[in-house]
2 protein chains.
Amino acid sequence: MLRGRAYDQVDMTAAKHQVSRGEDSRRSRAARAGIRDVAAEAGVSITTVSDALNGKGRLPDTTRSHVRSVADRLGYRPSAAARTLRTGKSGLIGLTVTTYGEEPFTFTEFAYFAEMARAATSAALARGYALAILPATSQHDVWSNVALDGTVVIDPADHDPVVAELVRQGIPVVSDGRPGGDVPVAGWVDNDHEAAVVGLLDHLAGSGARRIGLLAGAGTDTYTRLSTEAYLGWCARVGQQPVYETYPAHDPCAGAVAADRLLARPDRPDAVYGLYDPNGTDLLAAARRYGLRVPEDLLLVCCSESGVYASTEPPVTTLSLQPGRIGSAVIQLLIDTIEDRAAASAARPAAVGGRSGGGSRRAGAGHLAGHHGTAHPGPGVRPMVQRVMPTELIVRASSQPRVRATTVNQQRTPPAADR
Amino acid sequence: MLRGRAYDQVDMTAAKHQVSRGEDSRRSRAARAGIRDVAAEAGVSITTVSDALNGKGRLPDTTRSHVRSVADRLGYRPSAAARTLRTGKSGLIGLTVTTYGEEPFTFTEFAYFAEMARAATSAALARGYALAILPATSQHDVWSNVALDGTVVIDPADHDPVVAELVRQGIPVVSDGRPGGDVPVAGWVDNDHEAAVVGLLDHLAGSGARRIGLLAGAGTDTYTRLSTEAYLGWCARVGQQPVYETYPAHDPCAGAVAADRLLARPDRPDAVYGLYDPNGTDLLAAARRYGLRVPEDLLLVCCSESGVYASTEPPVTTLSLQPGRIGSAVIQLLIDTIEDRAAASAARPAAVGGRSGGGSRRAGAGHLAGHHGTAHPGPGVRPMVQRVMPTELIVRASSQPRVRATTVNQQRTPPAADR
DNA sequence: TTGGGGAGCCAATACGTTTCTGCATGATTG
DNA sequence: CAATCATGCAGAAACGTATTGGCTCCCCAA
């Protein structure tokens with residue numbers, strides 16, 4: 001009955017729409033169907049189509065399903081640009097990768113970034129967002145050409161201009177790694193580097209190391225700085241003279257050279273921790289050149305996410321920063337911030353007058369969060385949220401006590417998880 | 001003089017604009033500055049602002065610089081969403097990664113994807129586009145929520161529904177890897193896998209191999225299929241009985257097991273080619289377990305982009321697919337397609353009527369293209385462009401002829417480029 | 001009979017650009 | 001001196017959607 005009447009209007013309404021659009025509706029030969037076309041075809045108004053497809057408004061199920069079927073038949077897909085313009089939400093999150101050298105920002109020089117990006121993409125997708133990869137260089141050309149709901153910055157430099165610009169535009173920014181300087185991010189996620197390094201040095205000392213060396217980078221990023229400081233602090237505490245080499249992290253060859261230098265020193269260490277992913281193989285190769293047996297003459301640990309250290313000769317103990325969990329956590333944090341901020345600005349008009357209305361939005365309620373730094377009081381100005389994630393030491397043969405003699409056919413060592 | 005007069009109108013124009021916007025212009029307290037605000041502040045129309053900032057229209061330099069300075073002062077950034085809606089170009093390119101298992105699509109299981117994505121991002125950026133990572137699953141939720149100018153699909157499955165949907169929407173799609181089935185992509189880029197495998201097997205045979213084995217995947221992707229076929233063809237040609245093991249590529253442990261199986265066979269090969277990145281270390285470990293010396297008892301080559309094989313013991317010869325060049329080429333191809341298509345549709349209205357007017361748009365004029373499969377005749381329907389890229393065999397100790405006896409302190413072998 | 005109210009739907013507006021068209025004004029030419 | 005032209009700019013119409021505030025029925029109670 002209602003259906004009948006409503007759909008009897010079809011021709012009129014459709015005709016009106018067609019007229020209002022002028023006679024160039026014949027150019028719709030190969031153009032994508034818009035919401036207007038669906039409305040005309042279904043014999044309803046644009047409003048009704050929008051409501052039917054988005055589950056809003058007061059519509060009987062018959063109308064809803066009818067509109068949906070027409071939309072399906074026409075292959076209608078809402079224009080993302082128009083929706084973004086109207087709603088202010090793009091569903092896009094920027095992922096900023098730091099540019100080590102110049103042009104080709106090293107994004108996967110080490111497996112860390114790749115795994116982190118993978119997990120971040122997956123986590124964003126699960127909440128309906130997509131990820132866009134962007135360079136940290138100040139090419140604001142690209143930055144301002146894509147509508148971002150928020151941004152993740154990996155290891156931001158002190159006083160990062162890109163971050164400042166984003167914040168000025170009101171775009172939420174969270175960082176992977178503690179922000180240096182006074183970078184005004186909304187929050188960050190990082191490992192407990194101090195605890196990781198101390199734990200790992202204790203492990204080496206427990207395996208018999210008397211002088212532990214460090215192979216580190218000359219960079220100023222937070223990871224390098226915190227790890228080096230933790231190493232120096234540990235040395236001071238146990239009364240060991242620090243012995244370390246540094247090299248510019250972005251040059252792959254420099255790592256091998258530095259590893260060689262470290263083992264060539266007169267005060268050669270009997271255990272080494274390498275801060276970067278390729279250091280393990282570099283150190284292994286250097287040890288072979290000097291005739292040092294691992295772990296008999298040299299204990300080895302390196303920070304890596306790569307699986308190759310499970311089957312090197314010998315397998316190398318690695319410290320995993322768990323980039324997957326970091327990437328996931330940083331995305332959760334960012335999306336929470338985005339949605340809280342949206343809810344806050346939606347409730348703002350009422351907030352100035354009386355009660356805050358039915359603000360029943362889920363606001364970071366029961367996440368799988370471990371220990372937050374701060375719980376925010378409500379939608380509004382959140383203090384900086386900081387979240388510290390644990391690391392994992394994967395102990396393999398290269399850092400085991402020097403006991404058993406090695407046979408030719410040694411057992412396969414399964415990757416034992418520790419700590 | 002002109003300046004003086006023009007800017008004397010400021011107050012009038014500004015007032016008019018303010019009125020036209022109603023009295024709610026006070027809500028502009030914390031809102032981002034729009035083009036209207038710039039126009040009002042500079043005392044010109046929004047048309048002039050747009051023209052001045054985009055380098056269009058007929059404006060004296062004085063006006064241009066004045067508008068620019070005002071825009072800078074207000075911190076004006078054009079809304080990407082509005083611009084996209086108006087122009088139809090978003091500056092965003094989708095990069096589809098194939099989901100091996102279920103949820104967590106393995107994006108960097110192997111260094112190939114990571115390097116390819118890095119190069120693609122870099123190439124896109126250089127031409128003013130950004131990259132968005134998207135899953136190949138048919139979650140069209142996310143797909144239709146982001147405005148894409150085009151999409152790169154990595155190794156599309158036969159009859160991929162996502163690709164079909166994108167093409168139906170008129171979005172250009174190019175693929176990395178030959179598309180299976182009748183996937184209607186606009187073009188593709190791939191290695192010459194046949195030539196790569198044949199060249200590599202010849203190299204092994206030249207180093208003295210009598211029976212070459214293959215460690216392959218059970219997947220149906222084009223890479224695996226073409227490589228396996230090339231191997232079988234080569235075996236048939238030289239009259240060798242094929243000997244190979246396959247395993248599901250997405251399971252990392254399965255690789256080690258399959259490597260073990262291959263060397264445990266009664267018809268054990270004296271040389272092995274591993275199709276996937278981790279196969280090198282897996283085979284090395286398996287060889288150690290069976291007391292086989294490399295390269296004396298077993299020659300080894302694997303397909304990998306990882307640098308670790310330069311410093312394994314011994315260093316392993318690798319086949320590089322040059323993912324960086326692939327990623328760059330595939331992006332160039334896609335952007336060429338996007339911009340050609342845009343130019344074509346811009347010239348279309350005149351084409352049906354009379355002369356084409358002043359259609360002096362640049363239409364894929366002189367690109368840096370190497371050897372295309374086809375040169376397109378003009379803007380319009382391009383045939384499928386297919387581009388084949390060379391591979392690189394990096395010869396290291398693991399596949400060298402068995403001549404010299406190994407000393408304890410062997411020379412560092414520089415990564416020699418071949419072919 | 002009549003007024004209230006709810007169910008079902010629609011017109012109009014705003015989002016912030018870009019671009020087409022066109023109106024003045026002064027300079028240049030026949 | 002009249003006609004033309006180039007210059008500098010402004011008005012207004014899109015682009016395709018979401019949303020606000022109705023408007024029209026019809027039903028039921030008073």
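The chains referred to below are lettered A, B, ... by the order of the sequence lines, with proteins before strands, and numbering in each begins at 1.
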Could you walk me through whether B:R127 and B:D336 pass the salt bridge (charged side-chain N to carboxylate O under 4.0 Å, His left out) test, one step at a time? CA-CA 10 Å; B:R127 290 188 66 170; B:D336 286 349; 3.1 Å; yes

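- Separating the CD atom of B:Q169 from the P atom of D:dG16 is a distance of 14 Å, rounded to the nearest angstrom.
- Here A:K56 reaches the OP1 or OP2 of D:dT19: one of its side-chain N or O atoms lies under 4.0 Å away.
- Look at CG on B:L85: it is 9 Å from C1' on C:dC15, rounded to the nearest Å.
- For C:dT18, one of the phosphate oxygens OP1 or OP2 lies less than 4.0 angstrom from a side-chain nitrogen or oxygen of B:R83.
- Closest approach of B:A124 and B:I335 over heavy atoms only: CA-CD1, 4.4 Å.
- Under 4.0 angstrom from either OP1 or OP2 of C:dT17 there lies no side-chain N or O belonging to B:T84.
- At the phosphate of D:dA10, OP1 or OP2 sits under 4.0 Å from a side-chain N or O atom of B:S45.
- With the nearest nucleotide of DNA chain D identified for both A:D51 and B:D51, B:D51 has the one nearer the 5' end.
- Within the 4.0 Å cut-off from OP1 or OP2 of D:dG16, at least one side-chain nitrogen or oxygen of A:R36 is found.
- As rounded to whole Å, 13 Å separates atom P of C:dA7 from atom CZ of A:R64.
- Within the nucleic acid shown, A:S50 comes within 4.0 Å of at least one base atom, counting heavy atoms only.
- Note that the CG atom of A:L95 and the CG atom of A:L134 stand 8.0 Å from one another [nearest 0.5 Å].
- One finds a side-chain N or O of B:T63 lying less than 4.0 angstrom from the OP1 or OP2 phosphate oxygen of D:dC9.
- Summarising the geometry, atom CD belonging to B:E165 is positioned 8.5 Å from atom CD1 belonging to B:I171; distances are rounded to the nearest 0.5 Å.
- A donor-acceptor contact under 3.5 Å links the side chain of B:T47 to the base of D:dG11.
- One interatomic measurement links the two molecules: CG of B:N54 to P of C:dT17, which rounds to 11 Å at whole-angstrom precision.
- Regarding B:K89, its NZ atom lies at a distance of 15 Å from the C1' atom of D:dC15, rounded to whole Å.
- In this structure, B:S79 reaches the sugar-phosphate backbone alone: every heavy-atom distance under 4.0 Å involves primed, P, OP1 or OP2 atoms, never a base.
- Within the structure, every side-chain polar atom (N or O) of B:T87 is placed at least 4.0 Å from both OP1 and OP2 of C:dT18.
- C:dA11 atom C1' lies 10 Å from atom CD1 of A:I46, rounded to whole Å.
- The distance between atom CZ of A:R58 and atom P of D:dT20, rounded to the nearest whole Å, is 13 Å.
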Apply side-chain contact (heavy atoms from CB on, under 4.5 Å) to B:T96 and B:D160, showing your working. CA-CA 12 Å; B:T96 288; B:D160 192 316; 6.0 Å; no

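- A close approach under 4.0 Å does not occur between any side-chain nitrogen or oxygen of A:R86 and OP1 or OP2 of D:dG16.
- At whole-Å resolution of the value, CG in A:L59 and C1' in C:dG8 are 7 Å apart.
- What you find for A:A39 and A:I46 is that their closest heavy atoms are CB-N, 3.8 Å.
- Residue order along DNA chain C, read from the 5' end via each residue's closest nucleotide, puts A:T48 first among A:T48 and B:I35.
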